[in-house]
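Worth saying up front: this structure is predicted, and the values here are computed from it rather than measured. Residues take their numbers from the sequence shown, with the count starting at 1.
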Amino acid sequence: MGRVCSIGNGCLRFSRWPRHARWLVLSAVVGVVAGLGAVFFDFLLLHTLKYLVEIPMAWLRQGIDPQAAVRGLRAPQVSWLIIPIAGLGGLASGLLVFLVAPEAEGHGTDAMIESFHLRGGYVRRRAPLVKLIASALTIGSGGSAGKEGPIAQIGSGFGSILASMLGLKPSERRILLLAGAAGGIGAIFQAPLGAALFVPGVLYRDTEYEFEAILPCIMSAIMAHAVFSQVFGRQALFSPGPVNFSLPGELLPYALFGVLCAAVGYFYIKTFYGLRDHFFKPLPIPRLFKPAIGGLLMGCVAWVYPEVIDGGYVWIQAALEGKMLWETMAVLVFLKIVATSFTISSGGSGGVFGPSVFIGGMLGGAFGTLGHALFPTIVVHPNAFVLVGMGGFFAGVAKVPISSVIMACEMSSSYTLLVPLMLVSTISFLLLAKVTLYEKQMLNRLASPAHIGEFARGLLDRMTVRDAARKKPVSVIAENMPFQALVKAVTSSTESYFPVVDRAGKMTGILSINDIREVLFDDNLRDLVVAKDVATSEVARVRPGDSLETALNIMSRLQIDELPVVSQDRPDEIETMLSKQDIVNYYHECCLV
């Protein structure tokens with residue numbers, strides 16, 4: 001009898017294939033699936049918007065014609081129904097995300113970045129599907145969010161799942177994770193080269209790349225783009241028209257515009273995370289209801305200015321053709337920032353690339369139009385600033401100066417403005433320094449736990465836990481603490497892991513917020529359960545004399561970020577907690593400073 005092939009075994013044992021052949025096949029497969037995912041997501045989003053927003057309010061957005069020779073074009077007024085519709089969309093998204101896959105919260109690119117750095121490229125199988133549906137609900141009900149986050153998490157999720165099914169090493173799973181994200185983004189934005197450089201570069205705040213992933217990302221993006229184009233046709237997202245650039249006369253206004261992009265980008269990031277940390281987090285309601293509050297607030301903005309609904313690409317096109325007043329575009333810059341913050345910072349599901357492109361385009365349109373009115377001999381081509389703003393603004397806030405330039409050119413099928421795009425992107429990137437829209441970015445490859453083994457294994461074997469562990473108060477939980485008090489203690493703390501102790505103060509277990517989630521909504525158990533019931537009794541721990549390499553290996557094996565440090569002679573007596581960040585910080589202090 002012939003041998004049956006099974007995934008990860010026999011003739012499908014990819015580890016035995018030549019390396020280049022293996023990556024060629026795997027990247028192509030991931031790209032095809034990412035392209036199909038982009039097709040399905042785009043189709044789902046179009047129909048969700050149609051049936052949740054356009055039909056209920058008789059809002060014929062598709063009838064808007066930016067080509068019409070109308071100066072001061074504005075969106076048709078929407079019904080007040082946008083407020084409850086956006087609120088209900090946020091509610092449905094919040095319930096789905098926080099009850100099924102909490103990692104699908106917010107903008108999915110950060111989840112992909114976190115998975116790469118901290119989880120060995122691992123993504124739970126349910127996460128991509130939950131992200132797809134939750135994002136369609138958020139954006140389709142009028143939310144101000146983009147497509148890149150959802151499609152990045154969908155594509156990267158498949159890459160990770162495929163790698164796990166094939167039994168690939170974590171380093172290889174991380175590459176397929178990135179390839180999937182590049183394929184999805186390259187397809188849905190019709191920018192395969194930009195996406196193939198964006199994904200390996202967005203991992204870091206410095207201008208570094210995950211260079212091992214670039215070729216797999218390119219192959220995946222090619223295949224995904226081909227699949228998407230086969231269904232929707234091959235066309236650019238925007239048509240910039242007859243834009244031009246005069247050397248060297250317009251360099252000065254473009255340089256000033258780069259400074260403006262950095263300033264508004266700083267305001268955008270601080271507003272985005274400020275609303276999350278100082279408004280939505282302190283709200284005394286469960287997390288799963290907060291996206292509904294964000295949706296209601298977003299609906300109030302959209303009632304007055306419907307242009308902020310979803311990605312707003314039709315208005316970017318109108319701005320490119322000079323059909324909008326600079327006053328309107330200036331107002332939309334700040335309203336889009338607020339609307340996006342309401343939508344995503346509350347826990348809604350969606351991306352930040354689309355809103356960032358809108359903000360940058362409107363900022364460029366306002367700057368160029370006003371500049372041309374005041375200084376027509378200096379700002380000669382005002383509409384060109386719209387396209388330059390799209391790439392230049394995102395380059396600064398996302399720390400991706402090179403890929404943003406390429407994506408802006410690909411999305412418009414024009415390289416005419418390459419020089420001003422390079423100038424504005426560079427200035428915006430440099431002025432914003434380490435301020436970024438993606439919190440999970442690492443400073444560089446040296447700072448990434450994914451690469452700490454490459455640089456530091458030999459050194460870490462000679463460093464001890466005693467050297468790196470910082471003495472700090474440990475939030476311990478009494479093992480007989482009632483469940484309601486436990487929830488309050490965990491949710492009000494900034495810690496992630498909580499040792500559980502008995503009456504003598506000896507450690508008997510450890511728990512995290514994930515351990516209490518499955519009991520949280522079970523009314524029959526809440527009054528019966530105490531902390532000991534939900535804690536993990538088999539606690540991995542390290543001693544002060546253990547090496548940092550030992551600690552890091554335990555964290556990697558268990559996919560955790562912290563370990564309790566116990567007394568050298570008494571393994572149930574906790575002294576402090578050791579985190580991955582403590583190891584990285586100590587390594588940097590010793591070896592890089």
Side-chain angles (χ1 to χ4, degrees), residues 106-107 109-110 143-146 148-149 202 205 253-282 294 297-298 300-302 304-305 307-309 311-312 315-316 319 324 326-346 348 350-371 385-386 388-401 404 408 423-441:
H107 50 107
T109 306
D110 246 354
S144 177
E148 123 278 346
V202 77
R205 298 185 185 187
Y254 278 114
L256 294 175
F257 180 55
V259 176
L260 180 62
C261 282
V264 176
Y266 183 85
F267 175 78
Y268 176 31
I269 295 167
K270 293 303 179 182
T271 301
F272 187 88
Y273 289 112
L275 279 174
R276 183 197 65 181
D277 296 336
H278 303 298
F279 179 70
F280 288 111
K281 274 190 177 180
L297 294 172
M298 157 62 209
C300 293
V301 177
V304 182
Y305 273 84
E307 291 91 340
V308 301
I309 291 175
W315 306 111
I316 298 176
M324 299 182 72
W326 74 264
E327 297 95 330
T328 301
M329 291 185 283
V331 170
L332 287 175
V333 167
F334 295 99
L335 289 182
K336 190 67 172 179
I337 290 174
V338 172
T340 304
S341 301
F342 284 154
T343 300
I344 302 177
S345 298
S346 62
V352 293
F353 176 76
S356 300
V357 167
F358 181 96
I359 294 165
M362 291 299 150
L363 184 65
F367 182 91
T369 304
L370 179 61
F385 282 82
V386 178
V388 173
M390 289 161 50
F393 182 80
F394 189 66
V397 298
K399 320 311 297 177
V400 285
S404 290
L423 177 63
V424 173
S425 296
T426 301
I427 293 173
S428 177
F429 171 81
L430 292 176
L431 290 181
L432 277 171
K434 305 307 177 187
V435 180
T436 178
L437 194 54
Y438 295 117
E439 283 188 312
K440 304 301 181 181
Q441 285 176 332

Worksheet item: For the residue pair Ser356 and Val397, what are the closest heavy atoms and their distance?
Response: OG-CG2, 4.3 Å
Item to complete: For residues Leu363 and Cys261, determine if any side-chain heavy atom of one lies less than 4.5 Å from a side-chain heavy atom of the other.
Response: yes
Worksheet, complete the sentence: side-chain contact (heavy atoms from CB on, under 4.5 Å) test vs Ile337 passes for just one of Val264, Val308, Leu332, namely Val264
Worksheet item: What is the distance from atom OG1 of Thr328 to atom CG of Leu335, rounded to the nearest 0.5 Å?
Response: 10.5 Å
Worksheet item: Do side-chain atoms of Glu307 reach the backbone of Gly312 as a donor and acceptor pair under 3.5 angstrom?
Response: no
Practice prompt. Give, for atom CD of Gln441 and atom OG1 of Thr436, the distance between the pair rounded to the nearest 0.5 Å.
Written response: 3.5 Å
Worksheet item: What residues form a salt bridge (Lys or Arg N to Asp or Glu O under 4.0 Å) with Glu439, not counting sequence neighbours?
Response: Arg276
Item to complete: Compare every heavy atom of Val400 with every heavy atom of Ser404, then report the nearest pair and how far apart it is.
Response: OG-O, 2.9 Å
Fill in: Test side-chain contact (heavy atoms from CB on, under 4.5 Å) applied to Tyr268 and Lys336, step by step
CA-CA 9 Å; Tyr268 176 31; Lys336 190 67 172 179; over 6 Å; no
Worksheet entry | Gap between atom CD1 of Ile427 and atom CG of Leu256 - 0.5 Å precision | 8.0 Å
Discussion item. Could you report the tightest heavy-atom contact between Glu148 and Val352, atom names first, then the distance?
Written reply: OE1-N, 3.0 Å
Worksheet item: Do the side chains of Tyr305 and Val331 get nearer than 4.5 Å, heavy atoms only?
Response: yes
Response to the item:
Of all heavy-atom pairs linking Tyr438 and Ala398, the shortest is CE1-CB, 3.6 Å
Worksheet entry | Option passing side-chain contact (heavy atoms from CB on, under 4.5 Å) with Ser345 (candidates Phe279, Tyr273, Phe272) | Phe272
Worksheet entry | Gap between atom CG of Leu437 and atom CZ of Phe394 - 0.5 Å precision | 7.0 Å
Practice prompt. Would you please say whether a donor-acceptor pair under 3.5 Å links the side chains of Thr340 and Ser144?
Written response: yes
Worksheet entry | Side-chain (Thr271) to main-chain (Phe267) donor-acceptor, under 3.5 angstrom | yes
Fill in: Summary of salt bridge (Lys or Arg N to Asp or Glu O under 4.0 Å) pairs that have at least one residue in residues 426-436, sequence neighbours excluded
Asp206-Lys434
Practice prompt. List the atom of Met329, the atom of Ala319, and the distance in Å for their closest heavy-atom pair.
Written response: SD-CB, 3.8 Å
Fill in: Aromatic Phe429 / basic Lys399 pairing, under 6.0 angstrom, 45° off normal
yes
Fill in: Within-4.5 Å side-chain heavy-atom neighbours: Ile309 and Met298
yes
Item to complete: Check Phe385, Tyr254, Phe393 against Phe367 for a ring pair (Phe, Tyr, Trp, His ring centres under 6.0 Å) and give me the one that passes.
Response: Phe385
Discussion item. Quick check: closest heavy atoms across Gly294 and Ser346, and the distance to 0.1 Å?
Written reply: CA-OG, 3.7 Å
Discussion item. Test of understanding: with salt bridge (Lys or Arg N to Asp or Glu O under 4.0 Å), list the residues that count as partners of Lys281, not counting sequence neighbours.
Written reply: Asp277
